[in-house]
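Structure first, commentary second.
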Amino acid sequence: MTSAELLVDAVGRIHRVVDGLTPEQLAFRLDPESNSIAWLVWHLTRIQDDHVAGVAGAEQVWTSHGWVERFGLPFDPRDTGYGHRADEVAAVRVDSGELLVGYYDAVHEQTTRYVSQLEDDDLDRIVDRSWDPPVTLSVRLVSVIADDLQHAGQAAFVRGIL
């Protein structure tokens, strides 16, 4: 297995935890400070979209494919959910899980297209010099995968409680 194949496999392991849930279930929060399934899935997808588009030199699916308008959220189009307060988490409401899955699938397609063409030597490229040490492409992609898996697990936990 090449590094590119490994990365493609990893980004494809986000489980769909929204199937069959009502809008109320998607918005359910264990307490006023916790995250809903809708927010978790939206946020993990926004992070993947933002970070992968950034390293690929591509436009985000969120803005280039009209997802920002379809969601109609009260946030700046560049918002990824990072650092959201409880009231902002509560503002992420959707009519169905299909909207969340549709956006995720579109982002996953763009991610897979980019990641599948990478060579091992590409992974050492510095993509962010604002950190010490500077962030390489491999570190950025692993961070995206870890963030996505963590939030998908949180969403699955909330679904289990429902």
Side-chain angles (χ1 to χ4, degrees), residues 7-115 127-128 130-131 135 137-162:
L7 291 166
V8 166
D9 181 65
V11 297
R13 290 187 178 234
I14 304 301
H15 299 283
R16 293 186 178 163
V17 297
V18 300
D19 290 343
L21 296 181
T22 66
E24 294 75 26
Q25 290 170 317
L26 291 166
F28 172 77
R29 297 163 71 192
L30 295 173
D31 67 44
E33 297 299 314
S34 63
N35 298 323
S36 67
I37 293 172
W39 184 89
L40 287 161
V41 174
W42 171 79
H43 169 65
L44 72 84
T45 308
R46 287 293 298 123
I47 291 297
Q48 185 179 142
D49 192 8
D50 175 75
H51 287 26
V52 174
V55 297
E59 191 173 345
Q60 292 182 29
V61 172
W62 182 243
T63 51
S64 67
H65 290 78
W67 290 102
V68 66
E69 291 84 13
R70 281 180 243 178
F71 273 77
L73 299 176
F75 309 134
D76 183 286
R78 295 168 295 184
D79 196 336
T80 63
Y82 181 78
H84 269 188
R85 298 179 315 271
D87 61 319
E88 293 167 311
V89 170
V92 178
R93 297 192 61 94
V94 296
D95 292 333
S96 76
E98 293 174 8
L99 184 66
L100 293 163
V101 169
Y103 176 45
Y104 181 80
D105 286 347
V107 169
H108 181 258
E109 181 180 322
Q110 178 164 295
T111 297
T112 300
R113 197 170 39 253
Y114 172 69
V115 169
V127 297
D128 189 345
S130 67
W131 296 91
V135 177
L137 177 58
S138 61
V139 168
R140 179 59 45 89
L141 293 174
V142 168
S143 294
V144 168
I145 292 164
D147 186 73
D148 281 3
L149 291 173
Q150 179 179 3
H151 289 314
Q154 292 167 350
F157 175 79
V158 175
R159 183 182 177 117
I161 290 175
L162 284 171

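Numbers here simply count residues along the sequence, with the first being 1.
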Report all side-chain donor-acceptor pairs from residues 90-101 shorter than 3.5 Å, counting only partners two or more places apart or in another chain.
residue, atom, partner, partner atom, Å
S96, OG, E98, N, 3.2

Worksheet item: Would you find more than 12 non-hydrogen atoms of other residues, nucleotides or ligands less than 6.0 Å from R70 atom CZ?
Response: yes
Between [atom1] on residue [X] and [atom2] on residue [Y], distance to nearest 0.5 Å:
| X | Y | atom1 | atom2 | answer |
| --- | --- | --- | --- | --- |
| T45 | L40 | OG1 | CG | 10.5 Å |
| R46 | H51 | CZ | NE2 | 10.5 Å |
| D105 | T112 | CG | OG1 | 10.0 Å |
| W62 | W42 | CH2 | CH2 | 6.0 Å |
| T111 | D49 | OG1 | CG | 7.0 Å |

Worksheet item: Where do D79 and H84 land on the side chain to side chain donor-acceptor pair (under 3.5 Å) test, with the steps shown first?
Response: CA-CA 9 Å; D79 196 336; H84 269 188; 2.9 Å; yes
Looking only at heavy atoms, what is the nearest atom pair of [X] and [Y], with distance?
| X | Y | answer |
| --- | --- | --- |
| Q25 | L21 | OE1-CA, 3.3 Å |
| G83 | E88 | O-OE1, 4.3 Å |
| S34 | R29 | O-NE, 2.7 Å |
| D148 | L44 | OD1-O, 2.8 Å |
| G81 | W39 | O-CZ2, 3.3 Å |

Pairs of donor and acceptor atoms involving the side chains of residues 153-162, under 3.5 Å and at least two apart or interchain, shall be tabulated with distances.
residue, atom, partner, partner atom, Å
Q154, OE1, H151, ND1, 2.8
R159, NH1, V17, O, 2.9
R159, NH1, D19, O, 2.8
R159, NH2, D19, O, 3.0

Worksheet item: With R140, which of D50, D128, D147 fulfils salt bridge (Lys or Arg N to Asp or Glu O under 4.0 Å)?
Response: D128
Discussion item. Please determine whether side chain to side chain contact (heavy atoms under 4.5 Å, CB included) holds for the pair E109 and V61, giving the CA-CA distance in whole Å, both sets of side-chain angles, and the decisive distance to 0.1 Å.
Written reply: CA-CA 10 Å; E109 181 180 322; V61 172; over 6 Å; no
Worksheet item: Step by step, would you call L73 with V68 a side chain to side chain contact (heavy atoms under 4.5 Å, CB included)?
Response: CA-CA 7 Å; L73 299 176; V68 66; over 6 Å; no
Worksheet item: Parallel under 30°, tilted from 30 to 60°, perpendicular over 60°: which one fits the rings of F71 and Y103?
Response: perpendicular
Worksheet item: Will you find, in the side chains of R78 and Q60, an N or O donor that is under 3.5 Å from an N or O acceptor?
Response: no
Worksheet item: If only atom types and distance count, is the side chain of E59 paired as donor or acceptor with the main-chain N or O of H65 below 3.5 Å?
Response: no
